[in-house]
Amino acid sequence: MARYNVKENEQKWQAAWDDKGCFQVREDNDRPKYYVLEMFPYPSGRIHMGHVRNYTLGDVVARYKKARGFNVLHPMGWDAFGLPAENAAIENKVPPAQWTRENIATMRRQLKTMGLSYDWDRELATCEPEYYRHEQKMFLDFLANGLVYRKESWVNWDPVENTVLANEQVIDGRGWRSGALVEKRQLSQWFLKITDYAEELLKGIETLDRWPDRVRLMQENWIGRSEGAHVRFQFDGRDGQLDIYTTRPDTLFGASFCAVAANHPLAQELARGNPDLADFIAECNRLGTSEAAIETAEKMGFDTGVKVLHPFIEGHTLPVYVANFVLMDYGTGAIFGCPAHDQRDLDFARKYGLPVLPVVAPKGTDATAVTVGDEAFTDDGLLINSDFLDGLTVPDAKSRVIDRLEGMGIGTRAVNYRLRDWGVSRQRYWGCPIPIIHCGDCGIVPVPEADLPVELPADVDFSGTGNPLARHPSWKHVACPTCGKPAERETDTFDTFFESSWYFARFCNPASNAPLDRAAVDYWLPVDQYIGGIEHAVLHLLYSRFFTRALKKCGYLSVEEPFAGLLTQGMVCHQTFKDAAGKWLLPSQVVFDGDAAKHAETGQPVTLGRSEKMSKSKKNVVDPEAIIGAYGADTARLFMLSDSPPDRDLEWTDAGVDGAWRYLNRLWRLVTENPAPLAAADAARPETMGPAAEEVLKATHKTIDGVSADLEKFHFNKAVARIRELTNAVEGLKDAAPDANWVRRFALETLSLLIAPMTPHLAEALWLELGHEDTLVADTAWPVADPAYLVDDLVTIAVQVNGKLRGTIELPKDCAKDAAEDAALALDKVQSVLEGKPPRKVIVVPNRIVNVVA
RNA sequence: GCGGGCGUGGUGAAAUUGGUAAACACAAGGGACUUAAAAUCCCUCGGCCUUACGGCCUUGUCGGUUCAAGUCCGACCGCCCGCACCA
C-alpha cells in the first residue's frame with residue numbers, strides 16, 4: 001500500500017480550496033461573523049518558524065470557526081515599511097521598494113505552501129501608495145480634530161552618519177555602524193495625543209475580558225496612572241518656583257533635597273553659567289534615550305548650589321540637584337527627595353551625604369526608635385516628625401497635606417500618567433511621508449486632500465549620510481498650497497506603528513476608495529480573535545487601541561476596542577551550537593554521534609549550547625521551507641500544535657517533527673489499510689452494540705466534546721492528545737462484526753473532521769478515502785457530540801487516609817455520601833492503617849475523593 | 001533599575017482550577033517481523049528500598065494555611081520578555 005503522498009496531496013487540496021473559493025468571504029447577515037487575525041509579518045526575506053507557529057494557530061481557529069458555521073474573515077498582508085529595507089539598501093545597494101517587494105513575493109509563496117485559509121483577495125502591503133494614502137488622510141483628520149501637535153523631543157544622534165539612530169542601533173553608547181559616541185539632539189517632531197485617552201484606555205482594559213491578564217496588567221502599568229500632587233517650592237534667593245510632581249506629598253517633612261532632570265529648563269539655564277554643570281549634563285545626555293539605559297546607569301547628581309524653601313518649615317532650605325535618574329518626560333521633570341521612604345532617594349542621599357529623616361513609622365512601633373538603614377520604608381504606617389500630620393495614616397496624611405498646600409496656594413491635587421504622547425516622526429526614507437508642507441510665510445500647511453498621496457520618490461541615493469529623503473534634489477521642493485511661494489515638504493516619515501494601527505480595519509474592504517468602508521468595518525469589527533507575539537503586549541496593541549478611538553472621533557468607525565480577543569504566543573526555540581573556534585553553527589551543520597555532536601563536514605567537535613529563541617545571529621534556525629519540503633505542511637503544523645500550549649515557548653526538535661510525521665502516516669494507514677472492515681458509507685447504525693464497540697463509540701463522542709472545548713480555549717496540545725487517544729482506541733477495536741465496523745467508520749470520519757483544522761490536507765485525503773467524493777472537509781460542518789454518551793454510570797473515587805492515597809473504589813455516579821464513606825471504610829487497606837480505631841473525621845467529595853482522618 | 005511572566009520525569013507536557021501527580025507524546029532499553037536495514041507492531045520506563053507483596057519519597061528552594069497544596073499565601077533562587085526610534 002502506498003504511503004501518504006504529501007507533496008501530491010498538499011498541492012491537490014490547496015488547488016481544490018482555491019478553485020472552489022472556499023475562503024473568500026463577504027458580509028453576510030444571515031450568519032454570525034468571526035474575524036480572526038494574525039499579526040501581519042514584516043517582509044524580512046523568508047518566513048521563519050515564529051511565523052509558522054503564529055499562522056498555524058490562526059488557521060486552526062479560522063477553520064474551526066468556519067466549521068462551526070461562522071462567516072469567517074481571515075486575511076493576510078505585509079507590514080512593509082521599516083528599517084531593515086534601508087539597511088539592505090545601504091549594504092546591498094538594492095532599492096528598499098524592490099527589496100521589500102521581492103521579499104513579499106518569496107514569503108507569499110512560502111506561506112501558500114502552508115495551506116492557510118486566507119482570503120488572499122484581501123492581501124495588502126503598507127508600503128504601497130494605495131495603502132498609505134489613506135493614512136495620510138487620517139493624519140490630516142487627526143490634525144483637524146486636535147489630536148496632533150508639534151513639539152521638541154530628543155533623539156539619538158550619530159554625528160558621523162549624520163543620522164538619527166534607533167535605540168537598537170545604539171550599542172554601548174555608540175552608533176552600530178560608525179562606532180561614534182552617540183549624542184542626544186533635540187528635534188521638532190509630530191506627536192499624537194494618546195495621553196488625551198489615557199483614562200479611557202485604562203478603563204477600556206476592564207472590558208477586554210478575552211485578553212490575557214498579564215497583557216492587561218502590562219498595559220495598565222504602562223499607562224501608569226498615579227494620584228499625587230504638584231507642589232511649588234519657592235527659590236531661596238532668586239525669583240520663581242520649582243514645580244515638582246510627587247505621589248508622596250505626605251512625606252514632605254522628610255524631604256532633604258530636590259532634583260531636576262538634566263534637560264529641565266532650570267538645569268539648562270544654570271549650565272550656561274556653570275561649565276562643570278554643563279559637562280555633567282553632557283555626560284547625562286550620552287546615556288541615550290532609552291529608559292532602560294537611564295534607569296540602569298549609576299545614580300549621579302550635581303549640586304547646583306540653588307536652594308528652595310521648605311513649604312512648611314520656616315527657614316529650612318533644600319538643595320537642588322540635577323540628577324540622571326529624574327526623567328524629563330515624567331511629571332514635571334522635577335522631584336523632591338525623601339530618602340527614608342523611597343529607595344532611589346535613599347541611595348542618592350547616602351551617596352551625597354544628605355540627611356535622612358523618617359516621617360512614617362510602621363504601625364505599632366515606637367516613633368522615637370525608628371531608624372533608617374539601607375532600606376527605605378515604603379509601606380503604610382503612621383506619620384511622625386511631621387508637625388500637623390503626626391499620627392495620621394499615609395492616605396490620610398496625603399489628603400491633609402494637599403488640602404493645606406491648596407489652601408496656601410502652592411500646590412494642587414494631580415493625577416499623572418506615565419504614558420507619554422506618541423512621537424510619530426521618523427527621519428527615515430522607507431516610511432509613509434508625513435503630508436505637511438513648511439512655508440516660510442504660512443508656516444505649517446497640510447497637503448490638500450486632492451494632492452494625496454504624497455508618494456515616496458523612487459530615485460534615492462543611500463550612499464551619503466543623513467536622511468536620503470531630505471537630501472533628494474527635487475522631491476521636497478513644492479509650491480505652498482496656500483500662497484504659492486516656494487516651500488518645502490516635511491521630509492520625515494511616520495513611525496511604522498502607524499501602519500499597523502489600522503490595517504485590521506482596512507482588511508474589512510482593502511479595495512475601498514475611502515480609507516475605510518463604513519459598512520464593511522461595521523460588519524466585521526472588532527477583530528474577534530487576534531493572535532501574535534507577546535513582544536507586542538504594550539506598544540502595538542496600545543497604539544491600535546488609541547488609533548481606533550481616534551478614528552472613531554473622526555467618524556471612520558464605531559467601535560472603540562479593535563481586538564475583542566487576544567492570544568499571545570510564545571517563541572520558537574532551538575538548541576544552539578558552536579564550533580571549536582566559538583562560531584555559531586546552524587543545526588543543519590551538526591550531526592550527532594550518540595551524545596557527542598560534531599561538524600557535519602569537518603568532523604570537528606561541536607559545543608552544545610542551551611536552547612534559545614531562534615535567531616539569525618545565533619544561527620539556531622530551522623528553515624520552514626526545508627521542513628515543509630521534506631515532511632509537508634501538515635507535519636509542521638501538527639508539530640507546532642502538539643506538545644506545547646500556544647502561550648508558552650516551543651522547543652523545535654527533529655524528534656518531535658518525526659513524531660508528528662509518524663502519526664500522520666499512522667492515521668492514513670488506519671483508514672487506507674485497516675485489516676478490520678468498515679461499514680458502508682450509508683450503512684444504518686446497528687441496533688445492538690457489543691461492549692467493545694460501545695466503548696469506542698463513547699470515546700468518539702467524548703473526543704468530539706473534549707476537542708471542541710479545547711479548541712474553544714486554544715488548548716491545542718490537549719486537543720491533539722485527545723485525538724491521539726481516540727486513534728489508539730480505534731486501533732484497538734479489531735473485531736469484524738457489524739457493530740464494530742459501523743463504529744470504526746464513525747470514529748474515523750470523526751477523526752478526519754476533528755483533525756482538519758490542524759492538518760487540513762490530510763483530513764481532505766482521509767475524507768476522500770472514506771468515500772466522500774463530492775464534499776470537502778473545508779465545507780463540512782463540525783461534528784456534534786451526543787450528550788447521552790458523555791456521562792459514565794460508574795466513577796472511580798480515590799480513598800485517602802490523612803491525605804495519602806490508600807486505594808480507589810468504583811461507585812455509581814452521584815451516589816450518596818454515606819455509601820461512599822462506607823465503601824471507603826470497608827477497604828482492607830483503610831482498616832489496616834486505622835488499626836481498628838474509629839476515624840476522627842471523614843471528608844467526602846462526591847464523585848472524587850474520600851479522605852479519612854485518623 | 002522598573003514592569004510582566006515562567007520553573008512538574010531523561011525531554012515536551014497533562015492534572016476537570018484545592019481533591020488519585022506524570023494523561024498524550026518524544027527519547028531510551030528490551031522483544032517480534034526481516035537475509036539485513038528502514039518502516040511497523042508489542043513490552044518496560046519519576047526516584048530510593050524490597051526476591052516478591054509492598055513501602056517511603058517526589059512538582060526550583062525554604063516556610064505557612066488546609067482533612068487535602070503542582071494549584072492558595074510569604075520569602076528566596078534561576079531563566080525569559082518589554083521599557084516608548086527593531087518589528
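Keep in mind that this is a model prediction, so the values were computed, not measured. Every chain is numbered from 1 and lettered A, B, ... according to where its sequence line falls, protein lines coming before strand lines.
- Residue-level contact check: A:R840 touches neither bases nor backbone, having no heavy atom under 4.0 Å from any strand.
- For the segment residues 42-50 of chain A, the set of residues with a heavy atom within less than 4.0 Å of an atom of RNA chain B comprises A:Y42, in numerical order.
- Checked for salt-bridge contact, A:E86 and A:R428 miss the test: no charged N lies under 4.0 Å from a carboxylate O.
- The glycosidic torsion of B:G9 lies within 90° of 0, which places this base in the syn conformation.
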Please write out the pairs of protein N or O atoms and N or O atoms of nucleotides 43-50 of chain B separated by less than 3.5 Å, giving the distance to one decimal.
none

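- For A:H715, there are no ring-ring contact (aromatic ring centres under 6.0 Å, His included) partners two or more places apart in sequence or in a different chain.
- Residue whose closest nucleotide on RNA chain B sits further toward the 5' end, between A:Q189 and A:R344: A:R344.
- Judged as a side chain to side chain contact (heavy atoms under 4.5 Å, CB included), and not counting sequence neighbours, the contacts of A:E375 are A:Q343.
- For A:R214, taking side-chain heavy atoms from C-beta onward, the closest of the listed nucleotides B:G3, B:G5, B:G55 is B:G5.
- For A:D342, the side chain to side chain contact (heavy atoms under 4.5 Å, CB included) partners are A:R344, A:D345, not counting sequence neighbours.
- A:D79 is linked by a side-chain hydrogen bond (donor to acceptor under 3.5 Å, both in side chains) to nothing, counting only residues two or more places apart in sequence or in another chain.
- Nearest heavy atom pair, residue A:Y42 against residue A:F81, reads CE1-O, 3.4 Å.
- Looking at residues two or more places apart in sequence or on another chain, you find no salt bridge (Lys or Arg N to Asp or Glu O under 4.0 Å) involving A:R350.
- Contact of A:Q169 with B:C86 (side chain to base): no donor-acceptor pair of N or O atoms is detected under 3.5 Å.
- Applying the side chain to side chain contact (heavy atoms under 4.5 Å, CB included) criterion to A:L664, with sequence neighbours excluded, gives A:D634, A:T635, A:L638, A:T759, A:L762.
- Nucleotide B:C6: paired with B:G78 (Watson-Crick or G-U wobble, both distances less than 3.5 Å).
- Closest approach to the A:F497 side chain among B:A14, B:G55, B:A87 is made by B:A87 (side chain taken as heavy atoms from C-beta onward).
- A ring pair (Phe, Tyr, Trp, His ring centres under 6.0 Å) with A:F40 is found for one member of A:W78, A:Y503, A:F504, A:Y55 and no other, namely A:Y503.
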Heavy-atom protein contacts under 4.0 Å, nucleotides 57-73 of chain B, coded B base, S sugar-phosphate only, - none: S---------BS-----
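- Within the structure, every side-chain polar atom (N or O) of A:R848 is placed at least 4.0 Å from both OP1 and OP2 of B:U20.
- For the residue pair A:E490 / A:W190, a side-chain donor-acceptor distance below 3.5 Å is found, with atom types taken as modelled.
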Would you list the protein and nucleotides 80-83 of chain B atom pairs, both N or O, that sit under 3.5 Å from each other?
{"residue": "B:C80", "atom": "OP1", "partner": "A:R610", "partner atom": "NH2", "Å": "2.5"}

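- The pair A:D421-A:K193 does not meet the salt-bridge criterion, since no charged nitrogen lies less than 4.0 angstrom from a carboxylate oxygen.
- Whole-Å rounding puts the A:Q219 CD to B:C2 C1' distance at 17 Å.
- When distances run from any side-chain atom of A:D79 to the nucleotides B:U40, B:A87, B:C85, the shortest one goes to B:A87.
- Donor-acceptor pairing under 3.5 Å is lacking for the side chains of A:N717 and A:R648.
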Report each atom pair, protein N/O against N/O of nucleotides 23-30 of chain B, whose distance is under 3.5 angstrom.
{"residue": "B:A23", "atom": "O2'", "partner": "A:E725", "partner atom": "OE2", "Å": "3.0"}
{"residue": "B:A25", "atom": "OP1", "partner": "A:N728", "partner atom": "OD1", "Å": "3.3"}
{"residue": "B:A25", "atom": "OP1", "partner": "A:N728", "partner atom": "ND2", "Å": "2.6"}
{"residue": "B:C26", "atom": "OP1", "partner": "A:R662", "partner atom": "NH2", "Å": "3.3"}
{"residue": "B:A27", "atom": "OP2", "partner": "A:R662", "partner atom": "NH2", "Å": "3.3"}

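- A search for ring-ring contact (aromatic ring centres under 6.0 Å, His included) contacts involving A:F498 returns A:W422, A:F494, A:F547, not counting sequence neighbours.
- Judged by a 6.0 Å distance limit and a 45° cone about the ring axis, A:K151 is positioned over the six-membered ring of A:F191.
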